[in-house]
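Throughout, a chain's letter reflects where its sequence line sits, starting with A, and its residues are numbered from 1.
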Amino acid sequence: MKINYKLKDIFYGGDYNPEQWDEEVWEEDIRMMRLYKVNAVTLSVFSWAKLQLDENTYDFVWLDKIINKLWENKIYVILATPTAAQPAWMSKKYSSILPVNVEGHKMKHGRRSNFCPNSSVYKGFASKIAEKLAERYKDNEAIILWHVSNEYGTYCYCENCAKEFRIWLKKKYKTIENLNEKWYAHFWGHTFYDFDEIEPPSNLSEILPGALGDRDGTCFQAMAIDYNRFMSDSILSCYDNEAKVLKRITPNIPITTNLMAAFKPLDYFKWAQHMDVVSWDSYPANSDSTSNRAFSHDLMRGVKGQEPFLLMEQTPNQTNWQQFNALKRPGVMRLWSYQAMAHGADSIMFFQWRQSRGACEKYHGGLVPHAGHENTRIGRELKVLGEELHNFGHNIQDSKIDSKVAIMFDWSNWWAVEFSSGPSIALNYVEQIQKYYKAFHDMNISVDIIKPTDDLSKYKIVVAPVLYMVNDEAVKSIEYFTSEGGTFITTFLSGMVDESDLVILGGYPGAFKKLLGIWVEEIDSLYPGVKNEIIKTEDSFIDKDKYECELICDVVNAQGAKVLATFGKEFYAGSPAITENIFGNGKAVYIASSPQQDFIKMLTNHYCETCGITSIIKPQIGVEVSQRKKEEDTFTFVLNHNEDEVRIKISNPENYVDLLGNITVGYEYILEPKGVLILKSK
Amino acid sequence: MKINYKLKDIFYGGDYNPEQWDEEVWEEDIRMMRLYKVNAVTLSVFSWAKLQLDENTYDFVWLDKIINKLWENKIYVILATPTAAQPAWMSKKYSSILPVNVEGHKMKHGRRSNFCPNSSVYKGFASKIAEKLAERYKDNEAIILWHVSNEYGTYCYCENCAKEFRIWLKKKYKTIENLNEKWYAHFWGHTFYDFDEIEPPSNLSEILPGALGDRDGTCFQAMAIDYNRFMSDSILSCYDNEAKVLKRITPNIPITTNLMAAFKPLDYFKWAQHMDVVSWDSYPANSDSTSNRAFSHDLMRGVKGQEPFLLMEQTPNQTNWQQFNALKRPGVMRLWSYQAMAHGADSIMFFQWRQSRGACEKYHGGLVPHAGHENTRIGRELKVLGEELHNFGHNIQDSKIDSKVAIMFDWSNWWAVEFSSGPSIALNYVEQIQKYYKAFHDMNISVDIIKPTDDLSKYKIVVAPVLYMVNDEAVKSIEYFTSEGGTFITTFLSGMVDESDLVILGGYPGAFKKLLGIWVEEIDSLYPGVKNEIIKTEDSFIDKDKYECELICDVVNAQGAKVLATFGKEFYAGSPAITENIFGNGKAVYIASSPQQDFIKMLTNHYCETCGITSIIKPQIGVEVSQRKKEEDTFTFVLNHNEDEVRIKISNPENYVDLLGNITVGYEYILEPKGVLILKSK
Amino acid sequence: MKINYKLKDIFYGGDYNPEQWDEEVWEEDIRMMRLYKVNAVTLSVFSWAKLQLDENTYDFVWLDKIINKLWENKIYVILATPTAAQPAWMSKKYSSILPVNVEGHKMKHGRRSNFCPNSSVYKGFASKIAEKLAERYKDNEAIILWHVSNEYGTYCYCENCAKEFRIWLKKKYKTIENLNEKWYAHFWGHTFYDFDEIEPPSNLSEILPGALGDRDGTCFQAMAIDYNRFMSDSILSCYDNEAKVLKRITPNIPITTNLMAAFKPLDYFKWAQHMDVVSWDSYPANSDSTSNRAFSHDLMRGVKGQEPFLLMEQTPNQTNWQQFNALKRPGVMRLWSYQAMAHGADSIMFFQWRQSRGACEKYHGGLVPHAGHENTRIGRELKVLGEELHNFGHNIQDSKIDSKVAIMFDWSNWWAVEFSSGPSIALNYVEQIQKYYKAFHDMNISVDIIKPTDDLSKYKIVVAPVLYMVNDEAVKSIEYFTSEGGTFITTFLSGMVDESDLVILGGYPGAFKKLLGIWVEEIDSLYPGVKNEIIKTEDSFIDKDKYECELICDVVNAQGAKVLATFGKEFYAGSPAITENIFGNGKAVYIASSPQQDFIKMLTNHYCETCGITSIIKPQIGVEVSQRKKEEDTFTFVLNHNEDEVRIKISNPENYVDLLGNITVGYEYILEPKGVLILKSK
């Protein structure tokens with residue numbers, strides 16, 4: 001289901017909370033929206049208490065009024081179900097709605113996302129308000145999208161969740177014997193005789209707060225991983241609970257909820273299957289890297305099979321909840337907006353339209369700041385961006401990205417790696433993914449983020465950093481991909497366990513032993529600051545004698561694989577550090593440690609070359625290049641993230657039109673600091 | 001009500017806990033008190049369990065005995081109500097006394113200050129024991145002061161406090177609609193329909209532990225600030241509950257409780273209005289600065305309208321509860337005692353007389369250490385100090401301090417600034433106050449710490465660092481002060497919100513926009529370690545081309561104000577950093593960042609000069625000079641905090657008498673390391 | 001009761017968990033055990049749920065089968081009672097078994113050691129399963145040892161423990177008046193009138209989490225120390241509860257439980273009196289020092305009066321629960337095994353036989369790794385070690401260690417020192433002990449770790465670092481030891497309090513004032529990074545003019561003692577830092593600070609020389625030398641912990657046989673890196 005059935009343009013606008021303001025302010029809002037060329041706003045995200053006064057009384061008058069006013073001005077409405085924060089009267093009357101946290105405390109009313117996802121009372125009220133909204137606005141032309149609730153993600157550990165967990169387990173494992181086996185429950189006498197004996201893993205049972213440095217440990221990995229799966233499913237059922245109603249009443253209006261990229265509690269690959277379109281909230285710090293921001297966008301494109309997504313929230317200039325809320329520098333809001341678009345966004349939306357007078361986000365920037373007018377730096381920037389999008393956005397909408405490289409990402413694997421006790425608390429799954437992502441990104445090579453069981457046929461290179469947990473389907477798919485000529489690159493700890501976190505016996509890397517042609521005998525963990533060396537072998541393509549690596553070093557025995565590099569230090573000096581195995585028509589590469597970034601860059605560059613994958617425009621430091629395609633058209637985004645201007649060389653200028661500047665494209669282009677160039681193929 | 005109606009001298013003594021010792025030790029105590037020239041001790045601070053054996057049985061015999069013994073030796077008694085620690089039998093029988101902490105846990109008996117301030121049972125017992133004491137000792141000549149309870153400050157979150165909070169809110173806001181508006185409750189769907197829906201903000205509802213670095217965050221600032229106000233009031237009602245009884249029975253005995261300077265939980269400006277005299281407990285670390293110690297004294301003088309206060313507790317040599325309990329070096333106990341006096345103290349009291357044999361303060365120094373005799377370093381120092389005070393203390397008692405400079409301090413503002421989410425967790429209100437205080441202190445210029453609504457007519461300079469929260473009364477008073485010729489200095493974030501933490505719209509600094517002649521467009525937060533520069537403009541009085549600043553930088557537009565300096569870096573380089581606005585006959589100065597100390601010193605020095613405020617004695621590093629005045633007499637305290645001797649130049653020696661040394665005052669005076677000179681005007 | 005009544009050899013094997021594996025794997029286990037020359041394994045440590053299916057159903061069939069299979073292959077069995085982890089059905093049915101943690105939370109089923117030690121239900125079930133096992137296997141030849149439960153140590157704070165605590169207190173103190181006096185309860189109004197008023201010290205009452213840096217503080221030291229004593233006793237009663245049954249049914253099978261060296265919650269000196277043999281689990285990090293590892297072994301020998309102990313668990317190559325689980329380097333497993341033996345171990349056992357497929361210790365190394373075969377680095381090392389032990393182990397078994405130096409260690413003292421508020425949170429009791437231990441260890445001088453009341457007659461030097469808490473018996477014993485010619489060395493804070501944490505009045509070091517001939521007037525605490533100096537006096541044996549010291553500096557007055565060194569800085573510069581007092585025929589030495597390691601080495605070296613205590617073999621860095629003796633035989637262990645080979649000089653080679661190499665012993669021996677030499681006297 002496409003989002004462009006009505007508004008055939010890049011959505012430009014943001015969360016709009018008129019209920020925080022007197023009606024006289026609304027007129028001014030409309031004036032400024034028109035000035036900025038806003039074409040869509042999100043309404044009623046946190047309006048439950050304003051829409052439902054008590055169990056039986058609803059008030060939609062104010063919402064009618066503002067929707068009409070917007071629509072009179074040709075501004076579309078993304079209508080939110082307001083279920084992220086139930087009214088106080090509801091929490092008071094039905095305390096079963098309130099969740100129990102991981103410490104075992106029953107919460108009181110307050111915050112937001114403060115409900116038990118398995119509360120039937122909550123769900124009853126939520127589907128009711130969704131129904132009321134859908135019935136009321138089903139024929140309203142202004143509505144283009146449903147925005148279900150907001151930033152889902154609160155886990156619960158109440159008795160009711162315990163009951164539902166047992167049902168979920170029974171459905172999954174059928175018998176308690178099977179559960180015992182899959183959970184390896186005979187360890188530490190954890191054998192169960194009845195599903196009813198199972199308690200959710202909390203700080204009062206199996207969870208060990210802070211046991212893994214910044215992370216909580218657990219005495220019972222398999223249970224903890226299953227609880228995350230169960231909770232992700234439970235919270236998804238809250239989404240489904242409302243989406244089902246909306247779909248029934250308004251089958252033609254697409255539905256989304258706003259995600260948060262690499263957000264650990266929820267398996268977004270599973271979630272995206274339930275959503276018509278992915279939308280997400282992007283709040284990088286100024287100190288975040290360009291490639292990490294790009295990764296987040298690509299992940300959000302990836303969870304829904306590389307479909308375009310919506311940038312649902314970003315800030316015009318400043319967040320309030322970071323430790324140090326530095327301002328976005330001039331040009332950065334525009335630059336990052338285009339970066340989102342370059343990676344697949346079909347909207348540029350903000351939180352929030354008018355900066356709040358009070359409460360906890362009063363310091364969060366708004367499109368209308370506390371000053372109340374447009375004569376501000378951000379006002380000027382927003383106006384320019386709105387005009388640009390208005391002029392050419394329709395070209396871009398619904399265009400796709402065509403990647404030859406994929407990186408595998410998996411939530412269950414993330415949970416499994418980071419719940420494991422050992423080998424190192426310094427192991428961070430997302431960081432490992434981001435290291436490999438960065439290598440391609442820095443070469444201007446587009447990457448799809450995929451799940452392990454996704455179709456691999458369109459890719460030439462597939463990278464699976466720390467793919468510790470695997471299933472047969474993924475392993476077979478990877479083997480097939482490789483045997484058919486693909487290049488598969490993986491790292492230490494991969495292939496070790498099945499979906500129950502049970503080690504695949506017979507030597508590491510378990511599932512990938514044959515594919516990789518190696519046997520990993522032992523896994524060494526390096527103390528912080530300690531490095532080992534990667535020493536090239538004689539006939540290896542590696543370009544330097546020595547690179548550094550850290551974190552983990554596998555003690556590898558080559559069993560058929562070619563050794564491209566060995567370790568330089570420790571008792572396993574001389575044993576393989578990097579191997580390449582010919583597997584059918586393809587190659588399977590193993591990286592037995594966490595190398596320095598330069599090494600990964602060199603290695604991925606080599607395999608890109610051998611696979612014939614090239615950058616569109618020659619890479620320059622800080623200049624990001626990305627392409628979207630739509631039918632015959634190609635849109636090449638050139639983004640200068642540097643503080644200085646750069647000289648862009650274009651080999652075939654005659655093929656391009658400059659979409660933003662509408663100037664003639666030449667062989668060289670001076671791109672200003674934070675500047676953006678969008679070349680449309682002629 | 002003055003404290004000098006009986007004992008017309010500096011009080012010298014300390015907390016005395018005879019109940020911890022056999023009676024035979026009491027004789028030795030008296031001998032040593034006389035040796036040290038002790039004239040007052042505080043009795044029965046934690047003696048509730050010893051005074052009240054069960055619900056109906058009291059035992060005052062031991063207290064009679066020791067009071068009589070003291071009085072026979074002309075030692076006055078500050079009599080404490082022992083209500084800081086209820087007896088175990090009471091907690092056991094009446095569990096409603098025990099508080100619920102912010103984590104939602106019902107406390108068990110133990111610690112101290114471990115009661116719910118809204119417990120009617122606690123209050124009933126507390127007023128009863130106060131009444132018993134007052135009735136028994138109302139005619140006892142020895143009693144000079146009531147010391148109600150001890151170091152109040154424990155917040156509670158129980159159901160009873162919740163109920164009282166709702167009553168407090170109803171009284172303040174009248175209607176729930178008004179509360180919703182003032183609390184900005186429509187944000188995040190926090191709208192209430194009934195006061196009964198409101199829960200105290202705890203870790204189980206709106207408080208987010210550790211969300212702001214070292215500090216707890218909140219999802220609901222206005223509620224959190226009000227809960228602090230309510231708790232400060234609730235705890236004050238415990239004081240009032242006892243004070244009322246004491247006042248009724250002994251109308252002529254003044255009443256105090258021991259405060260703790262910049263103690264965040266309690267609004268001491270409000271408290272001091274209920275107290276006859278302020279007293280406080282001073283426990284600086286050796287690593288604390290001289291000016292921060294001085295600030296604490298001045299704050300304690302300030303909360304009670306610049307009246308003299310009592311130094312109720314300090315340690316002769318060592319605390320036990322600091323992380324590293326370094327000894328006070330020789331001379332330091334005397335030096336810091338005179339520092340307290342120089343800033344307004346009319347007593348030098350200690351915790352405690354005889355060092356405890358056991359329990360948690362056994363390592364806390366006492367006037368009688370574990371060795372049990374006076375032949376110790378501290379014994380010798382105490383004896384000297386006692387003799388000095390005995391000789392001249394009566395001169396000083398009840399003398400005042402006359403300041404031309406005031407710094408505004410406000411508890412609600414403190415809570416509001418530090419509950420806010422953004423712009424920087426590194427922002428510490430008290431540190432900002434102390435930076436400005438230090439600038440004057442280092443110049444030997446006396447400062448009054450005042451609240452924003454205090455009368456400003458006697459001041460020439462008023463400084464209000466980070467005065468973020470303001471009310472109309474304060475704004476009008478400041479405007480009037482300035483228009484009448486005063487110099488008002490304020491900083492970033494000032495004037496932003498009203499008393500409900502609602503932003504004053506139309507551009508920052510809100511309430512001070514007109515006064516300051518500027519508009520602050522954006523507020524940048526600097527990462528730790530990052531600096532910006534303050535660059536002087538051409539016709540500015542600033543003495544150096546460049547100073548450094550950090551933490552926050554405002555993006556300022558001058559709207560009438562003169563720009564004294566601009567920022568040197570970032571996209572707002574060249575925009576105003578320091579401005580001065582002529583307002584009526586005065587000047588309003590804005591400092592848009594947190595400058596290095598040298599800059600503040602230079603700036604305050606400039607305005608002191610222009611206002612004709614000068615140091616009595618030329619400032620020297622580490623030499624503190626302060627004056628007290630009484631009728632015709634002026635007492636100038638010169639305190640050498642250095643490790644080395646200093647040469648003090650006295651321009652008009654003929655006008656002074658040396659109060660301590662009784663030597664002739666010359667043009668030059670060699671003051672030994674840690675030495676003290678007190679010059680009395682002839 | 002000796003362990004060598006059946007298996008007259010060093011025990012070699014490990015925890016064996018066949019219940020985690022299919023029976024077909026068992027055959028392979030046996031084959032590999034025989035290959036490695038395993039002679040003993042520990043069974044059923046966590047098998048309660050597998051052995052007891054419900055309240056009345058037991059299943060011992062699988063256990064019979066594996067015991068028989070082992071015994072057919074001459075492998076002995078250490079049989080564990082499985083009571084460290086009760087079955088889930090038991091927790092579910094009898095929630096009184098589950099403990100309440102220090103935060104006041106009732107635990108749910110999970111983890112291990114998750115039971116209330118005063119639960120009569122738990123104890124009933126535990127003695128029942130112990131009885132069942134004992135009855136079933138009492139005549140089984142394979143059983144050589146009972147292993148009661150596992151790694152005891154969980155404190156509980158439930159209502160039932162509160163009741164038992166009151167009974168324990170009544171028994172100890174008889175009257176509440178006596179308790180008040182001993183606890184110094186009149187401080188902070190803590191006076192009790194009835195034992196029923198006393199609550200266990202938890203985070204909800206007297207415990208202050210994190211108040212002492214890394215440690216929890218308390219408002220009530222005496223109670224907190226008593227609660228630790230009570231909990232250590234309570235948990236010991238769980239051990240006794242089972243041991244009593246086992247002893248009744250199998251009076252000839254010795255009993256142990258696995259301890260954990262310097263494990264703070266349990267007073268192992270007391271525990272060891274209840275055990276037939278001490279066993280313990282040794283899991284040093286690679287970064288731990290050789291001397292700290294040695295100290296742990298010596299402590300475990302010491303708690304049971306210097307009897308040989310069992311090394312019950314270690315890892316072949318890797319733990320999983322450390323932050324960074326580095327591999328043991330080649331040779332290290334063997335080296336550390338011999339180190340254990342050199343210090344008194346009569347077994348080399350591992351956790352666990354076969355590495356787990358799942359659950360929280362899947363990354364913990366096993367004798368059979370996930371690869372499943374012996375053709376691994378660790379397989380080869382284990383085979384070599386097994387053969388060596390098989391060849392000569394019987395020689396060593398039951399040999400003793402003869403030390404002339406003892407270091408006092410005491411759990412109550414540990415608790416008292418570290419619960420105290422002040423003088424410094426940086427004071428770590430075990431670190432202080434280890435500093436002095438290291439000095440002797442580095443000289444190859446054997447040290448016994450003893451408790452303060454142990455017999456001192458065999459020692460020439462007794463060291464008591466930070467022996468803060470003392471009783472009369474210990475003081476008299478130390479005085480007698482010294483007067484008879486012994487050398488007693490102690491440090492700052494020693495002799496200060498009695499067993500109730502009551503300061504011994506009249507000046508520090510209280511109980512040792514006479515013995516040491518000094519009076520400590522004050523105790524200074526140094527900030528981190530701050531040093532003072534130890535300056536030698538003129539006729540002192542100290543070899544250098546100046547050493548550094550830190551942490552604490554006492555202000556000492558010599559009262560008869562000779563001053564060996566004075567402090568170099570601060571106001572107490574020139575006052576005594578090191579003193580020596582002639583006491584009868586002996587010497588009592590006081591060290592008034594925490595000196596750098598070199599100083600302690602120099603000082604202990606001096607007293608060893610004056611006492612005629614010499615190293616067997618001249619000390620070399622990283623070469624540990626230790627001796628065991630048995631009847632006429634002496635076994636000298638020479639262990640090279642270095643990364644390089646060392647040259648060992650043997651002055652009288654003709655007296656020795658090389659037990660491992662069976663080569664002729666010469667005057668010089670090249671010991672390879674991580675190499676081991678065991679010389680048997682001819």
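Looking at B:M496, only its side chain comes within 4.5 Å of chain A, counting heavy atoms on both sides. Interface remark: B:D524 contributes backbone and side-chain atoms alike to the contact with chain A (heavy atom separation under 4.5 Å). Neither the backbone nor the side chain of B:I225 comes within contact range of chain A; no heavy atoms are under 4.5 Å apart. With a 4.5 angstrom heavy-atom cutoff, B:T218 touches chain A only via backbone atoms. For B:F419, no part sits under 4.5 Å from any heavy atom of chain A, backbone or side chain. For A:L51, no part lies under 4.5 angstrom from a heavy atom of chain B. Using a 4.5 Å cut-off between heavy atoms, A:S47 does not touch chain B at all. Looking at A:N286, the atoms closer than 4.5 Å to chain B (heavy atoms on both sides) sit in the backbone and in the side chain alike. Residue contact with chain A, scored on non-hydrogen atoms closer than 4.5 Å, involves the backbone of B:L526 exclusively. For A:S287, the parts sitting under 4.5 Å from any heavy atom of chain B are the backbone and the side chain alike. Looking at B:I207, the atoms closer than 4.5 Å to chain A (heavy atoms on both sides) all sit in the backbone: N, CA, C or O. With a 4.5 Å cut-off on non-hydrogen atoms, B:D196 touches chain A through its backbone and its side chain both. Neither the backbone nor the side chain of B:V530 has a heavy atom closer than 4.5 Å to any heavy atom of chain A. If you measure heavy-atom distances from A:E103 to chain B, you find no contacts under 4.5 Å at all. With a 4.5 angstrom heavy-atom cutoff, B:A222 does not touch chain A via any of its atoms. With a threshold of 4.5 angstrom between heavy atoms, A:K93 does not approach chain B through any atom at all.
When all heavy atoms of B:Y193 and A:K50 are compared, the pair lying nearest together is OH-CA, 3.9 Å. The two residues B:E197 and A:A88 make their nearest non-hydrogen contact at OE1-CB, 3.4 Å.
Salt bridge annotation for B:D501-A:K362: present, with a cationic side-chain nitrogen under 4.0 angstrom from a carboxylate oxygen.
Between chain A and the options B:W183, B:W519, B:Y527, the largest number of non-hydrogen pairs under 4.5 Å is found for B:Y527. Put simply, of B:I425, B:I504, B:L427, the one with the most heavy-atom pairs under 4.5 Å next to chain A is B:I425. Note: A:A359 leads A:A85, A:P369, A:G372, A:A359 in heavy-atom pairs under 4.5 Å with chain B. The most heavy-atom pairs under 4.5 Å with chain B, out of A:Q318, A:H364, A:Q322, come from A:Q318. Chosen from B:G217, B:P423, B:P528, B:C219, the residue pairing most often with chain A at heavy-atom distances under 4.5 Å is B:P423. Per-residue heavy-atom pair counts under 4.5 Å with chain A were compared for B:N203, B:I198, B:I552, and the maximum is reached by B:N203. Between chain A and the options B:G104, B:A211, B:S525, heavy-atom pairs under 4.5 Å are most frequent for B:S525.
Counting only heavy atoms from C-beta outward, the side chains of A:F46 and B:T191 never approach each other to under 4.5 Å. A:L98 places none of its side-chain heavy atoms less than 4.5 Å from the side chain of B:L204. Taking 4.5 Å as the limit, every side-chain heavy atom of A:C360 sits out of range of all side-chain heavy atoms of B:F220.
A cation-pi contact, defined as under 6.0 Å to the ring centre and within 45° of the axis, is absent between A:R357 and B:F187.
Without hydrogens or angle criteria, A:R111 side chain to B:S205 main chain gives a donor-acceptor distance under 3.5 Å. Without hydrogens or angle criteria, B:E199 side chain to A:G110 main chain gives no donor-acceptor distance under 3.5 Å.
The line from CH2 of B:W188 to OG of A:S356 is 10.0 Å long, rounded to the nearest 0.5 Å. Note: B:F192 CZ to A:H109 NE2 = 5.5 Å, rounded to the nearest 0.5 Å. Atoms CD and NE2, on A:E19 and B:H186 in that order, are 8.5 Å from each other to the nearest 0.5 Å. Taken from CG in B:D194 to CG in A:D54, the straight-line distance is 11.5 Å, to the nearest 0.5 Å. With rounding to the nearest 0.5 Å, the separation of CG in A:L327 from CZ in B:F571 is 5.0 Å. Separation of atoms CD (B:E522) and CZ (A:R377) is listed at 4.0 Å; rounding is to 0.5 Å.
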Practice task
Begin from the C-alpha positions of A:K108 and B:E159 and carry the test salt bridge (Lys or Arg N to Asp or Glu O under 4.0 Å) through to its verdict.
Solution key: CA-CA 12 Å; A:K108 303 200 170 194; B:E159 281 307 313; 3.3 Å; yes
Practice task
Quick one: do A:R329 and B:E570 satisfy salt bridge (Lys or Arg N to Asp or Glu O under 4.0 Å)? Show the steps, please.
Solution key: CA-CA 8 Å; A:R329 272 43 194 154; B:E570 288 302 339; 3.0 Å; yes
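The distance between the ring centers of B:H190 and A:W89 does not fall below 6.0 angstrom.
Around NZ of B:K569, the count of heavy atoms belonging to other residues, nucleotides or ligands within 6.0 Å exceeds 12. In this structure, B:K514 places its NZ atom where only 12 or fewer heavy-atom neighbours from other residues, nucleotides or ligands lie under 6.0 Å away. No more than 12 heavy atoms of other residues, nucleotides or ligands sit less than 6.0 Å from atom NZ of B:K163. Residue-environment remark: CG (A:N375) exceeds the threshold of 12 foreign heavy atoms within 6.0 Å.
Ring geometry for A:H370 against B:Y508 counts as perpendicular: the plane angle is over 60°, on a 0 to 90° scale with 30° as the lower cut.
A side-chain donor from one of B:S421 and A:N320 sits under 3.5 Å from a side-chain acceptor of the other.
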